[in-house]
Each structure stands twice: as structure tokens, then as C-alpha cells.
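The first residue in the sequence is number 1, and the count goes up from there.
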Amino acid sequence: MKTVLGFDSWTGGAHNFARLVPAFRQFGLELRLLHIGSWGGDVASPKEETIGELPVRDVSWYGGRSMVEILDLESPTAVLFLSNDVFAHRAFNRYCALRGIPTIHLYHGLVEIQSTVGDRMYKVDPITQFFYVLKRMPKALTRVWPLYAQALYQTHASFQDWKRFTSDIVNLTVGKYIPVAAPDSQTNACAVYAEADVGHAMKKYGYSRADVHVVGNPDLCKFKLTDQLLGIANSTARTPNDEIVYIDTGLIYAGMVFAGPADFLAHLTDLAKILAVHGLKLATKLHPDHYRTNVPVEVNKRGIRVINDGDFVNSLLKCRAAMVEPSTAALIPSLLGLPVLMVAFGKLQNQKYGKILMDYPRGALLTDATAVMLNIVHIEKETKPEVDAWIKKNSGPLPADEMPTRVAEIVWRVSRHWFTTGIGQARNGNDPSSS
């Protein structure tokens, strides 16, 4: 078995790697995850563990070795990232290039759900943003920024690279969206869920079309959204219940929009009262980050039903409509063909949405919560035949459960091409393909 090393900042995204393990083994690839959680993002995680079938190691397991030394020890045939904008990931990507190791960027969601036009995806709450940055500053000052500076030095970075380093520090600190990534964010290949994100990958990271691969959306499997359910709610014959399902994005944990949990809870409580006037009940699918806090308990206390992953699609199939913030999970009610209302009122006033949702034929931008029934009734008036074409474009390749195999094949082909063409050179004069 050849080793493929996943690299991430913590174990929060480990499920995105774990789902790939069986498919990778079919291609003779052993996937394991290296993370830097002990540096501040996931300090309680053990030095070594197994998540599902995925072997996971914190950087502390390596006993103080540098990133280059870890790469030499692991000798991976390829390295897989879920994101490549943050400094630690960019540093590791630089070291991979230094060692002739091919890298792949696997998107872990649909980016074009969000608006990528302008300098901010979300309105920043200054106070929350301040504490968000303050909490992460010790890690940045003592670990991440020195790591990246060392990577720049050891890889003979240009003056422009150092200049970009300083400008990115400023932009990331104030929560500004960076539309064009730094050159060292680019990997040797990129994989996206659906065709809608191909353009984003090319524009932001500078990939050619041939380097961007469409692999399918694993959220369809996660939420048990089968091929047969696609578009099923696009019918005037539905007999839904009186529930509105609100799909949340966990904005408070990124210092965005809401001043904190109390502010978010007030937002939901006020909405539930407005819906009650129209004879509607509010239920919510909360972002996973909330489950590290008592927010789900507080939501339940307010008489708002909290929906778990296993009941998500079933709840959507029965509900009157969905209200969404911009997140990958917001795609699920659209793929079912439901009426979808994009939240742009209250604290989310003037919130922008990406092309995917704005183009959805049964969607509407809800700027006034009291107009909820007017919008729903308007959408429900007729079946939209163009919904099927929209679903085909945005569901990604089907069946969705073959996504891990598609990713494994890309990694296998990229690593094989990289070494057989002589681009990747072995350490110590050995043949890299034998590692």
C-alpha cells in the first residue's frame, strides 16, 4: 500500500477523509490524516486515534519533528487537502512541492452556494470578530505564522510572496473575503462536488479546466437523498404539514452576522413568532458547530424543533418550505424541488447568495419575514419544468455514493502521472513509485 496523507487543522473535518478510506484501498492507497489540532484548534484530541477506518495523528505524535521531517518520515505518494487558504496548509503545500510530492485539493462543500462577489461573504459583527481573532492569536503568533515564514524562507520565496503574506494577515484578521488565492494555495489537481464550482476553482486558484474534476456530492449520501427523491417535491399535488425548516450556517462561530448565541437565539425566536401568526411552525437544522455548545438545548426550550441528520430529508419532504442561509446543506431542499426562501431579513438583511441558489427556479429572496406566506404561495402556484435541468446541473455526478471512488481514481492518476513522468523526484535517489 502507498500512503496518501491528508492534512488538516483539526479533526472536525475528519469525516470528509474517513469516507474515502475504503475506495482508496481499492486503488492500493492507504489514507491517513495528519492534523495540527494540538496547536490550538483541537487541543483535547489524542496524539493518535482512529476515526471510522481513518488512522489519525496529531502533529505532536511526531515528537517535535518539523513539517519537512514529517514528510520524509511518512514519504506519501500524494497529499490531500480539504482547504488551502490558511497559512499552515499553504506551508505544507510548499513543503510538498519542495519534496516533489503531488497535492490535491478536495472541496468539502459547494462554494457557489455563497456569494463570491465583493469583499465579504457575510456581514462581520465587529465585537464577535474581535474575540474570534483574539482567541486564535496565540496560535497564529507562536505556531502558524512562524511555520509559514519558515516555509517561505526554506522554499526561496519571492518578495511578492512575502508581501502577500502580510496583506493576507490583514485581510484574514478583519474577515475580508479573498477572491484570488495566493499562488502557494494551488495544488496539482482539484476536485469539486458539482459543475457549478468549476469556474470558482479556476478563477480563485488559477487551475486550468483540465485540472478541475467533478466528483459528486457526498451530502446526498449523508442525508440519504437517493436519486429517486431528486425533484420529488416539485409538484402541486403535495400535501405538506405546517412546518418551515430553517437551515443554519453556524455564523456566530466565525464572528459573522450575530453578536453571539443569544443574538442567534433571538433571531430564531422572533421568526417563530412571525410564522405562528401565519399558522406555521419553525423547525431548524443546526450547523454541527452548535453541538459543541448548549445552543441545541436552548433552541428546544423555545419550542423550536431541532432536526438531526437522520431525519433531515424526511422532515423536508413533509414541510411546507425551507428557509436557508448560504451553506452546502441549503442545497438539499432545492434538490428535492421544495420551495426555498433565502433569508435576507433581520440580522441577515442584505445577505448575498451565490449563483446556485439565486438560479434555483423555486427559490425566492425573503427580505421581509412577514411576507413568508406570500412568497410560498407564489412558488407553489405551478410546477417548474426547469427544476429538473437545475437539479441535473447542481447534484453532481450520480450515483453520489461513487464519489469516494472518483476521488481515489483522481489521486491515483495524479500521483502515478507525477512520478512516471519524472516530475516528482525521489528523496535519497529512490524511485518514488516504490514508496
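For the atom pair Leu29 CG and Ser415 OG, the distance stands at 6.0 Å (nearest 0.5 Å). With values rounded to the nearest 0.5 angstrom, Leu271 atom CG is found 5.0 Å from Met323 atom CE. Between atom CD1 of residue Ile410 and atom CH2 of residue Trp412 there is a gap of 13.0 Å, rounded to the nearest 0.5 Å. To the nearest 0.5 angstrom, Phe81 atom CZ is 10.0 Å from Ser9 atom OG. Interatomic distance, Thr293 OG1 to Leu286 CG, rounded to the nearest 0.5 Å: 8.5 Å. With rounding to the nearest 0.5 angstrom, the CZ atom of Phe223 is 11.5 Å from the OG atom of Ser315.
Contact annotation: the side chain of Ile70 never approaches that of Tyr95 to less than 4.5 Å [non-hydrogen atoms, C-beta and beyond]. At least one side-chain heavy atom of Leu71 sits under 4.5 Å from a side-chain heavy atom of Pro76. At a threshold of 4.5 Å between non-hydrogen side-chain atoms, the residues Arg90 and Arg164 count as touching. Residues Leu220 and Asn217 meet the side-chain proximity criterion, which asks for heavy atoms closer than 4.5 Å. The side-chain heavy atoms of Val343 and Gln351, taken from C-beta on, include no pair separated by under 4.5 Å. Between Val299 and Leu265 there is a side-chain heavy-atom pair separated by less than 4.5 Å. In this structure, the side chains of Pro296 and Tyr291 come closer than 4.5 Å at one or more pairs of heavy atoms. Using a 4.5 Å heavy-atom threshold, the side chains of Leu5 and Leu80 count as separate.
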Given Asn300 and Val297, is the side chain to side chain contact (heavy atoms under 4.5 Å, CB included) satisfied, shown in steps? CA-CA 5 Å; Asn300 267 321; Val297 174; 5.8 Å; no
What do the steps show when you test Lys224 against Asp309 for salt bridge (charged side-chain N to carboxylate O under 4.0 Å, His left out), and what is the final call? CA-CA 9 Å; Lys224 297 181 174 59; Asp309 285 356; over 6 Å; no
Checking Leu348 against Leu251 for the side chain to side chain contact (heavy atoms under 4.5 Å, CB included) test, could you report, in this order, the C-alpha distance in whole Å, the side-chain angles of both residues, the deciding distance, and whether it holds? CA-CA 10 Å; Leu348 283 148; Leu251 296 171; 3.9 Å; yes
Test His200 against Tyr205 for side chain to side chain donor-acceptor pair (under 3.5 Å), laying out the working first. CA-CA 8 Å; His200 177 270; Tyr205 297 101; 5.9 Å; no
Between Val324 and Val245, is a side chain to side chain contact (heavy atoms under 4.5 Å, CB included) present by the stated rule, with each step listed? CA-CA 8 Å; Val324 303; Val245 173; over 6 Å; no
Would you check, one step at a time, whether the test ring pair (Phe, Tyr, Trp, His ring centres under 6.0 Å) holds for Phe165 with Tyr148? CA-CA 9 Å; Phe165 180 26; Tyr148 186 68; 4.9 Å; yes
Go through the steps for Val407 and His213 under the test side chain to side chain contact (heavy atoms under 4.5 Å, CB included), then give the verdict. CA-CA 9 Å; Val407 176; His213 309 269; over 6 Å; no
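Both the sub-6.0 Å distance and the 45° axial angle are not jointly satisfied by Lys347 relative to the ring of Phe258.
If you check the side chains of Glu74 and Tyr62, you find a donor sitting under 3.5 Å from an acceptor. A side-chain donor from one of Asp311 and Asn314 sits under 3.5 Å from a side-chain acceptor of the other. Defined by atom type and a distance below 3.5 Å, a donor-acceptor pair is present between the side-chain atoms of Asp58 and Ser38. Checked by atom type, the side-chain pair Ser334/Arg362 shows no donor-acceptor distance below 3.5 Å.
Judged by distance alone, with hydrogens and angles left aside, the side-chain atoms of Glu243 form no donor-acceptor pair with the main-chain N or O of Cys319 at under 3.5 Å. Side-chain atoms of Ser185 come within 3.5 Å of backbone N or O of Asn84 as a donor-acceptor pair. Using a distance-only test at 3.5 Å, with no hydrogens or angles considered, no donor-acceptor pair links the side chain of Arg305 to the main chain of Ala283. Put simply, the side chain of Asp211 never gets that close to the backbone of Ala189: no donor and acceptor are under 3.5 Å apart. With Asn394 contributing its side chain and Ile356 its backbone, the two residues share no donor-acceptor pair below 3.5 Å. Side-chain atoms of Thr142 come within 3.5 Å of backbone atoms of Pro138 as a donor-acceptor pair (strictly under, hydrogens ignored). Ser66 contributes a side-chain N or O that, together with a main-chain N or O of Glu69, makes up a donor-acceptor pair within less than 3.5 Å.
Between Asp161 and Arg94 a salt bridge is recorded (basic side-chain N to carboxylate O distance below 4.0 Å). The pair Asp248-Lys285 does not count as a salt bridge, with every side-chain nitrogen at least 4.0 angstrom from each carboxylate oxygen. Ion pairing between a basic and an acidic side chain is recognised when a charged N comes within 4.0 Å of a carboxylate O; Glu298 and Lys301 show such pairing. A salt bridge does not link Asp388 with Lys393: every distance from a Lys NZ or Arg NE/NH1/NH2 to an Asp or Glu carboxylate oxygen is 4.0 Å or more. The pair Glu30-Arg25 meets the salt-bridge criterion, with a side-chain N (NZ, NE, NH1 or NH2) lying under 4.0 Å from an Asp/Glu carboxylate O. A salt bridge does not link Glu49 with Arg57: none of the charged nitrogens is closer than 4.0 Å to a carboxylate oxygen.
Taking all atoms of both residues into account, the shortest heavy-atom contact from Leu82 to Gly13 is CD1-O, 3.6 Å. Smallest separation of non-hydrogen atoms from Leu365 and Asn375: O-OD1, 4.4 Å. Residue Met202 comes nearest to Arg209 through the heavy atom pair CE-N, 3.7 Å, listed as atom of the first residue, atom of the second, then distance. Residue Leu229 comes nearest to Leu336 through the heavy atom pair O-CD2, 3.6 Å, listed as atom of the first residue, atom of the second, then distance. Residues Thr187 and Ile104 approach most closely at OG1-C, 3.8 Å, considering heavy atoms. Shortest non-hydrogen contact noted between Ala201 and Tyr207 is O-CD1, 3.3 Å.
By the 6.0 Å contact criterion, NZ on Lys139 is enclosed, its count of non-hydrogen atoms from other residues, nucleotides or ligands being greater than 12. In this structure, His108 places its NE2 atom where only 12 or fewer heavy-atom neighbours from other residues, nucleotides or ligands lie under 6.0 Å away.
Relative orientation of the His290 and His287 rings is perpendicular, given thresholds of 30° and 60° on the angle between their planes.
Taking the six-membered ring for Trp and the full ring otherwise, His89 and Phe87 have centroids separated by 6.0 Å or more. Ring centroid separation for the pair Tyr246 and His267 comes in under the 6.0 Å cut-off.
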